[in-house]
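Okay, here's the structure, questions in a sec.
So you know, we letter chains A, B, ... as the sequences are listed, proteins then strands, and number each from 1.
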Number of protein chains: 2
Amino acid sequence: MTDHAKPLPNPELRDHDPPAADPWPDDPLAALPGYLLRRAANAMMAELATRLTALDLRISEATVLLLLGGREDLTSADIGKALDIQRANMVPLLARLETAGLIRREPINRKSQAILLTEAGQDRLARVREVTDRFERDLLDRVPDAHRAHLVPALRALSG
Amino acid sequence: MTDHAKPLPNPELRDHDPPAADPWPDDPLAALPGYLLRRAANAMMAELATRLTALDLRISEATVLLLLGGREDLTSADIGKALDIQRANMVPLLARLETAGLIRREPINRKSQAILLTEAGQDRLARVREVTDRFERDLLDRVPDAHRAHLVPALRALSG
DNA sequence: TGGCAATTGCTATGATTCATAGCTTTCAAT
DNA sequence: ATTGAAAGCTATGAATCATAGCAATTGCCA
């Protein structure tokens, strides 16, 4: 939930003058993009998870609602493929959403069923959108102007 | 382990002309920085984890070795604080490293003990550095030149 | 100096996430 | 008509992570 690594204790060299630049001059990890990527993602996801508790949703559940918005033709397997969730793991996820009355299932044929939002699901989705819109805005606000426009393209290059 | 979300099936509108630009024109998540951040981090961490299996180390274990490099004064609690790992969860982590002969413990007083690398630990650390150096280089190589320099500053703004 | 709060390292435990394997039913293509 | 693939599910195990509590020790402060 919290993800704020503390600087290492620095037994010797208590006073090194440039107090700016690198906030953790003795942390061998602070410069590693991979490490920073993980930390940033952890911190942001923890933040988002916290905000979503007000809607009684986990991140994965909110993501499913987002994906379902406006669509009425997606199967459990489709959603799983889009979000990289195993078929087996879709079961409890959708079960929870169904129990909460947010989704229902519509038979496509005797094998497949479409997952679609109930009215309650649409309402909840609207609130999810408020939370995520605000979240995305806050997230971008945290990155300095000079770098902001580069974040999405850079991340996109990494996620494929 | 895999983290490659597939585009959604697009039942209607099979041919929309600009085939470039947004590779997932119908994916409502593709534009969200938070979502991309999570996906990028998952993809990269899966990749790093795979590379580290050759050294029989998990990411958290390799990170501890990295942190321990050159230091001989860090306690379990120090490491935990630096990496944001609960004290309780440091126990099995360090136990595994100790069993593997990579670290040993040196009493500081009757309450605390310093964690330090054995010779084998130093050797393993050297190999960890090779893997992570290469990994960080490959990671940065994946992001287009125009955005590369902005990644670390942007991530740094998000992790604190 | 005596006492008390904080720290250390640990056990135990539960929640969450995620991957794998296997099963049955159904669809689809040859 | 048969067979291979897909859908949806169960069961299970691994890994990560958070919480609570405990005993011993330390350090601060009156």
If I take atom CG in residue A/L52 and atom P in nucleotide C/dT16, what distance separates them, rounded to the nearest angstrom?
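Value for this atom pair: 15 Å.
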What's the closest nucleotide to the side chain of A/N89 if the choices are C/dT8, D/dT26, C/dA19?
C/dA19
Could you give the CD1-to-C1' distance, from A/I59 to C/dT16, as a whole number of Å?
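Distance check: A/I59 CD1 to C/dT16 C1' gives 12 Å.
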Atom-pair distance (CE on A/M45; C1' on D/dT16), nearest Å
17 Å
Where the side chain of B/E136 meets the backbone of B/D133, is there a donor-acceptor pair that is under 3.5 Å apart?
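Such a contact is absent between B/E136 side chain and B/D133 backbone.
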Check this for me: does the side-chain of B/K111 come within 3.5 Å of the base of C/dT7 through a donor and an acceptor?
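Under the 3.5 Å cut-off, the side chain and the base do form a donor-acceptor pair.
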Given D/dT16, C/dC10, D/dG8, the nucleotide with the shortest approach to the side chain of A/S76:
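The listed nucleotide nearest to A/S76's side chain is D/dG8.
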Run the side chain to side chain contact (heavy atoms under 4.5 Å, CB included) test on B/L74 and B/R71 for me, step by step, so that the C-alpha distance in whole Å, both residues' side-chain angles and the decisive distance to 0.1 Å come before the verdict.
CA-CA 7 Å; B/L74 297 179; B/R71 303 289 298 258; 3.7 Å; yes
Should A/R104 and A/E98 count as an ion pair when the cut-off is N to O under 4.0 Å?
no
Could you give the CG-to-P distance, from B/D84 to D/dT16, as a whole number of Å?
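Distance check: B/D84 CG to D/dT16 P gives 16 Å.
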Please report the distance, rounded to the nearest Å, between CE in A/M90 and C1' in C/dT20.
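Atom-to-atom, A/M90 to C/dT20, this comes out as 18 Å.
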Rounded to whole Å, how long is the line connecting atom CG of A/N109 with atom P of C/dT25?
16 Å
Check this one for me: any side-chain N or O of B/R87 less than 4.0 Å away from OP1 or OP2 of C/dT7?
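No.
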Kindly say if B/R110 contacts the phosphate of D/dT26, meaning a side-chain N or O under 4.0 Å from OP1 or OP2.
yes
Using heavy atoms to find the nearest nucleotide of DNA chain C for A/I85 and B/A88 separately, return the residue whose nucleotide is more 5′.
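Closer to the 5' end of DNA chain C: B/A88.
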Closest heavy-atom contact between B/A62 and B/L52?
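Minimum heavy-atom contact is CB-CD1, 3.8 Å.
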OP1 or OP2 of C/dC18 under 4.0 Å from side-chain N/O of A/Q86:
no
With rounding to the nearest 0.5 angstrom, report the OG1 to CZ distance, A/T75 to A/R87.
10.5 Å
Side chain of B/S60: nearest nucleotide among D/dT16, C/dC27, D/dG8?
D/dT16
Is the phosphate of D/dC9, meaning OP1 or OP2, less than 4.0 Å from a side-chain N or O of A/R105?
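Checking A/R105 against D/dC9: at least one side-chain N or O falls below 4.0 Å of OP1 or OP2.
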Rounding to a whole Å, what distance do you find between B/Q113:CD and D/dT26:C1'?
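It is 15 Å, rounded to the nearest whole Å.
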Does a side-chain N or O of B/K81 approach OP1 or OP2 of C/dT8 to a distance below 4.0 Å, or not?
yes
When the distance from CD1 of B/I79 to P of C/dT7 is rounded to whole Å, what number comes out?
18 Å
